[in-house]
Amino acid sequence: GQQLNQSPQSMFIQEGEDVSMNCTSSSIFNTWLWYKQDPGEGPVLLIALYKAGELTSNGRLTAQFGITRKDSFLNISASIPSDVGIYFCAGQSGGSNYKLTFGKGTLLTVNP
Amino acid sequence: EAEVAQSPRYKITEKSQAVAFWCDPISGHATLYWYRQILGQGPELLVQFQDESVVDDSQLPKDRFSAERLKGVDSTLKIQPAELGDSAMYLCASSPGTPVFRANVLTFGAGSRLTVL
């Protein structure tokens with residue numbers, strides 16, 4: 001089945017630094033989604049990407065849909081303490097079945 | 001803002017007991033999903049409903065897990081009997097499921113944390 005490799009597994013950064021994380025797939029996806037999950041809560045959508053090459057921003061977050069359709073990147077600029085959490089990439093193959101395949105997540109810790 | 005409601009938030013049970021989780025999706029969302037998330041992992045799909053019909057339950061351990069969405073609105077996920085390895089977060093999500101903008105974007109509930117002793 002499809003597998004997503006998300007890296008890095010964890011990051012420890014200082015407040016104000018920029019962050020980059022990425023996801024690669026063994027298969028092509030038609031949609032990439034990035035979610036953030038706080039401890040004990042469900043994932044919350046950050047950014048949705050629908051076309052290869054698409055670059056989308058949401059405040060300090062920027063994500064890109066890779067040209068090969070097998071990868072995606074998320075960047076966070078000028079990190080703040082509330083950015084702490086687990087970031088998940090998720091891909092959809094398309095069609096009428098909107099099943100999401102998730103990566104294993106990137107744990108982000110921001111030191112104030 | 002519309003939310004996906006789940007209950008209970010936390011459940012502690014002994015192995016071999018029965019446990020049930022309830023989910024109320026966003027009003028009007030035709031597609032409902034149950035995901036299981038083991039600590040340190042990403043969510044994995046257990047079952048997907050389109051209205052009241054199951055469209056994907058290939059990863060649902062059917063010997064002990066069952067799910068229903070009788071009227072195409074709220075849904076119940078049951079485990080009987082529970083095993084130690086079932087300890088996880090059970091997440092419900094919904095999406096519009098019809099050809100509208102962002103129809104394929106899933107909104108998740110806060111989850112139900114299960115601990116099996």
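In what follows, chains carry the letters A, B, and so on, assigned in the order in which the sequence lines appear, proteins first and then strands, with residues in each chain numbered from 1.
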**Message:** Atom CD of residue position B:E14 - does it have more than 12 heavy atoms of other residues, nucleotides or ligands inside 6.0 Å?
**Reply:** no
**Asked** Would the number of heavy atoms belonging to other residues, nucleotides or ligands and lying under 6.0 Å from NZ of B:K62 be above 12?
**Response**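 Result for NZ/B:K62: enclosed.
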**Asked** Out of curiosity, A:F102 CZ to B:L91 CG, how far, rounded to the nearest 0.5 Å?
**Response** 8.0 Å
**Request:** Name the option with the most non-hydrogen atom pairs under 4.5 Å to chain B; the candidates are A:A90, A:P43, A:G103, A:G105.
**Result:** A:P43
**Item:** Contacting region of B:Q37 [heavy-atom separation from chain A under 4.5 Å]
**Value:** side chain
**Prompt:** Which heavy atom in A:F88 sits nearest to a heavy atom in B:G42, and how many Å separate them?
**Reply:** CE2-CA, 3.4 Å
Verify same cluster id: [X], [Y] (apolar side-chain graph, 4.5 Å):
X	Y	result
A:I47	A:L108	yes
B:L45	B:V105	yes
B:L84	B:V19	yes
B:V47	B:Y33	no

**Asked** For A:Q9, is it the side chain, the backbone, both, or neither that has a heavy atom closer than 4.5 Å to a heavy atom of chain B?
**Response**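 Contact with chain B involves no heavy atom of A:Q9 at all.
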**Request:** Evaluate the criterion side chain to side chain contact (heavy atoms under 4.5 Å, CB included) for residue pair A:E41 and B:M89; output intermediate values, then yes/no.
**Result:** CA-CA 9 Å; A:E41 299 293 329; B:M89 174 81 89; over 6 Å; no
**Prompt:** Considering only heavy atoms from C-beta outward, does the side chain of A:L100 approach that of B:L106 to under 4.5 Å?
**Reply:**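 The answer is yes, as the side chains (C-beta and beyond) meet within the 4.5 Å cut-off.
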